Amino acid sequence: LGTKPFILYVEDEPLLRELVAEVLADNDLPCVSAENGPDAIRIMEDGAYEFCLLLCDVKLPGTIDGFAVADHFEQRYPDGEVVLITAHIAPEDMPQMTKRRRQIYPKPIRMKSLVEILNDTVRPGRDQRSDASAVGST
Amino acid sequence: MKPTILLVDDEAMLREVMGDVLFKEGFVCIPCANGADAMRMIDGGPYKFDLLLSDVKMPGTVDGFEIAKRFQAKYPEGTVILISGYIDEKAAVSLSKDRVRVLLKPLRAQELLDAVREALALASVTSDGDNVIPLDPDSPRLQ
């Protein structure tokens, strides 16, 4: 009904960012893309979109990494989900990884797997919203 | 007859989404994760290719330029697009000739799709249209 929440997708490699966004959209997982941490935070602060999930690489250019973006996202969207992707898991990162209900996946991740993960994570909330609107409309 | 692209990139996720998007654009796309696999696919694979789309920098001893040489020897009517993040625009222009085009990273998706369409318009499409599309690199057809 035009109120479908979006995924906030943060990836600094433009080709990957654009192509993944396209594939997600094809799988009924619309997303808004950001190229780095500050960009992602700006999009959240603008408030133009309702986000249900953050999909973010842990390693990002600049001083704001994926964990910091996730902290910001969780503050702004307490019911939102966080899916982080990382190629390097350092022991000192463990507290950040196990924080709240964050999901962490190693790189490289297959696109098919990613779509399944996002569907499994996003659908329950989305179905609840559809059920509520169906009840309301009858 | 669908144009057939040999796609070589060691970045698994990028390779996969490029394959998905090119397939959606109507192209058959055969993915390879490295130069050695690409060489094998050119030499003895079950496909006929119209376009090589390859990253230049590749793990192992075979880089994109070597793959391009082998591809052109086997498919003189085919076209080549190489993608590099390690050369400047001047070098890219000097390396681009006839049926070879070098694109620089960072690259936008639209730029890539436009280049693929242009390259395939230039190529004499030789694939027979019977190629199957194993977008999954683990597909047994690619073993």
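Scope of the values below: all heavy atoms of this structure, side chains included, with no hydrogens, waters or symmetry mates. If you're wondering where the values come from, they're calculated on a predicted model, not measured in any experiment. Every chain is numbered from 1 and lettered A, B, ... according to where its sequence line falls, protein lines coming before strand lines.
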- line: If one checks every heavy atom of B:L107 against chain A at 4.5 Å, the contacting part turns out to be both
query: Have A:Y105 and A:Q103 got a donor and an acceptor in their side chains that come within less than 3.5 Å?
result: yes
task: Can you tell which part of A:V23 gets under 4.5 Å to a heavy atom of chain B, answering side chain, backbone, both or neither?
output: side chain
- request: Select one option (side chain, backbone, both, neither) describing which atoms of B:E111 are under 4.5 Å from chain A's heavy atoms.
  value: neither
- request: Tell me, please, which residues at least two apart from B:K24 pass side-chain contact (heavy atoms from CB on, under 4.5 Å).
  value: A:E22, A:D26
- prompt: With under 30° as parallel and over 60° as perpendicular, where do the rings of B:F49 and B:F71 fit, or are they tilted in between?
  reply: tilted
message: I want to check something: taking the side chain as every heavy atom from C-beta on, are B:M39 and B:V62 in contact at a cut-off of under 4.5 Å?
response: yes
